[in-house]
Participant: 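Encoded as structure tokens, here's the structure I'll be asking about.
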Amino acid sequence: MSPALQTGMPVPDFTLPGGVLAGDRFERNSYTLSERRGRPLVLAFYPGDDTSVCTKQLCSYSSGLEQFQDQDAEVWAISPQDVDSHEQFARKHGLRMPLLADTDRQVARALGIAAPGIGLRRSVFLIAPDGTLRWKHVALFGATYQSLDTLTGHLAALDGA
């Protein structure tokens, strides 16, 4: 496992396959971190599609997507499942943010959140417009997640930094 990424460090670049629900279409694409510089980005890592806590977490972020957008932030949700699984998950729950597939857990390992058995630890990384890590939360146990209010509060603090 890689050493944990610390606040103020540049986040390693990556490209992952994924897709986003756009109306009744699921638009597949490649998502590259460095191409999103210039605005804040929230990376929400979750262990599995269509599991109880992950569903609650992503539904809350999806229903509050405008609050992220009001702060010019984008949200990417990342898990080890493939893009086909993500499409089914997005359609079933109407999820509106991109769902990315880290099937080989390469990104999870690079960020120090890979975990045996579950694949990765439920984690959230707030990346500043310049590509550096500004805030993170890595759960020891995956039964809880960071709330929409917590994340938008940290985004607001980023504006004041």
Side-chain angles (χ1 to χ4, degrees), residues 1-18 20 30-49 51-81 86 89-90 95-161:
M1 185 158 68
S2 296
L5 185 66
Q6 299 299 316
T7 303
M9 293 174 66
V11 179
D13 197 21
F14 64 82
T15 299
L16 290 174
V20 64
S30 290
Y31 292 80
T32 300
L33 181 62
S34 60
E35 291 176 1
R36 294 305 194 267
R37 291 232 168 93
R39 57 189 291 211
L41 179 63
V42 176
L43 300 179
F45 288 86
Y46 65 102
D49 289 341
T51 58
S52 177
V53 176
C54 297
T55 299
K56 288 177 189 171
Q57 176 184 14
L58 296 188
C59 284
S60 76
Y61 296 171
S62 182
S63 67
L65 209 53
E66 287 76 14
Q67 292 180 53
F68 290 112
Q69 293 167 343
D70 287 348
Q71 296 188 47
D72 198 32
E74 192 171 356
V75 178
W76 291 354
I78 304 171
S79 80
Q81 291 73 43
H86 288 342
F89 185 40
L95 302 174
R96 302 180 296 144
M97 79 282 284
L99 303 180
L100 283 58
D102 187 17
T103 56
D104 62 4
R105 295 164 190 80
Q106 184 176 357
V107 175
R109 278 194 297 278
L111 298 181
I113 60 167
I118 59 171
L120 56 81
R121 296 193 184 286
R122 186 179 312 280
S123 308
V124 179
F125 293 82
L126 174 55
I127 302 172
D130 67 359
T132 59
L133 178 66
R134 288 297 177 89
W135 180 84
K136 72 176 181 177
H137 180 268
V138 179
L140 294 179
F141 301 102
T144 61
Y145 58 90
Q146 296 300 297
S147 71
L148 175 67
D149 289 343
T150 296
L151 297 179
T152 55
H154 283 288
L155 282 168
L158 180 62
D159 281 343

Participant: Using atom types as modelled and distance alone, determine if a side-chain donor or acceptor of Ser62 lies under 3.5 Å from a backbone N or O of Leu58.
Facilitator: no
Participant: Restricting to non-hydrogen atoms, name the atom on Ser60 and the atom on Leu148 that form the minimum distance, rounded to 0.1 Å.
Facilitator: O-CD2, 4.2 Å
Participant: So, for Gly48 and Cys54, which heavy atoms are closest and what is the spacing to 0.1 Å?
Facilitator: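 In this case the closest contact between Gly48 and Cys54 is O-CB, 3.1 Å.
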Participant: What's the separation between atom CZ in Arg39 and atom CD in Gln69, rounded to the nearest 0.5 Å?
Facilitator: 7.5 Å
Participant: Side chains of Gln57 and Arg122: closer than 4.5 Å at any heavy-atom pair?
Facilitator: yes
Participant: Determine whether Glu74 and Met97 make a side-chain contact, defined as any pair of heavy atoms from C-beta on separated by less than 4.5 Å.
Facilitator: no
Participant: How many angstroms lie between atom OG1 of Thr132 and atom CE of Met9, to the nearest 0.5 angstrom?
Facilitator: 11.0 Å
Participant: Rounded to the nearest 0.5 Å, how far does CH2 of Trp135 lie from CD of Gln146?
Facilitator: 4.0 Å
Participant: Restricting to non-hydrogen atoms, name the atom on Ala101 and the atom on Leu16 that form the minimum distance, rounded to 0.1 Å.
Facilitator: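 In terms of heavy atoms, the two residues are closest at O-CD2, 3.4 Å.
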Participant: For Pro47 and Pro80, work out which heavy atoms get closest and say how close.
Facilitator: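 Taking every non-hydrogen atom into account, O-CD, 3.5 Å.
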Participant: Do the side chains of Tyr31 and Ile78 get nearer than 4.5 Å, heavy atoms only?
Facilitator: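 A side-chain contact under 4.5 Å is absent here.
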Participant: For the CG atom of Leu95 and the OG1 atom of Thr55, what is their distance to the nearest 0.5 Å?
Facilitator: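 If I round to the nearest 0.5 Å, the distance is 7.5 Å.
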Participant: What is the minimum heavy-atom distance between Gly131 and Arg37, and which atoms define it?
Facilitator: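 Reported closest heavy-atom pair: CA-NE, 3.3 Å.
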Participant: Please report the interatomic distance CG(Leu43) to CD1(Ile127), rounded to the nearest 0.5 Å.
Facilitator: 4.0 Å
Participant: Taking atom CD as the centre, does Gln106 end up with more than 12 heavy-atom neighbours from other residues, nucleotides or ligands that are less than 6.0 angstrom away?
Facilitator: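 Open: at most 12 neighbouring heavy atoms sit under 6.0 Å from CD of Gln106.
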Participant: Scan Leu33, Thr32, Asp102 and name whichever one has a side chain to side chain contact (heavy atoms under 4.5 Å, CB included) with Phe14.
Facilitator: Leu33
Participant: Any non-hydrogen side-chain atom of Tyr145 less than 4.5 Å from a side-chain atom of Leu151?
Facilitator: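 Answer no - side chains too far apart.
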Participant: Do the side-chain N and O atoms of Asp149 and Ser147 include a donor-acceptor pair separated by under 3.5 angstrom?
Facilitator: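 The answer is no; no qualifying pair exists.
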Participant: Is a side-chain N or O of Gln71 found less than 3.5 angstrom from the main chain of Thr152, in a donor-acceptor match?
Facilitator: yes
Participant: A side-chain contact here means heavy atoms from C-beta on lying under 4.5 Å apart; do Leu5 and Pro12 qualify?
Facilitator: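 Yes, their side chains come closer than 4.5 Å.
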Participant: Is there side-chain contact between Val42 and Leu155, with heavy atoms separated by less than 4.5 Å?
Facilitator: yes
Participant: Can you tell me how far apart OH (Tyr46) and OH (Tyr61) are? Round to the nearest 0.5 Å.
Facilitator: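 Rounded to the nearest 0.5 Å, the OH-OH separation comes out at 12.0 Å.
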Participant: Do the side chain of Ser123 and the main chain of Arg121 share a donor and acceptor less than 3.5 angstrom apart?
Facilitator: yes
Participant: What I'd like to find out is whether the side chain of Pro98 reaches to under 4.5 Å of the side chain of His86, using heavy atoms alone.
Facilitator: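 They are not in side-chain contact.
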Participant: Tell me if a side-chain donor or acceptor on Gln81 pairs with a main-chain N or O of Asp49 at a distance below 3.5 Å.
Facilitator: yes
Participant: Are the side chains of Phe125 and Ile113 in contact, using a 4.5 Å heavy-atom criterion?
Facilitator: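 Yes, close enough: below the 4.5 Å cut-off.
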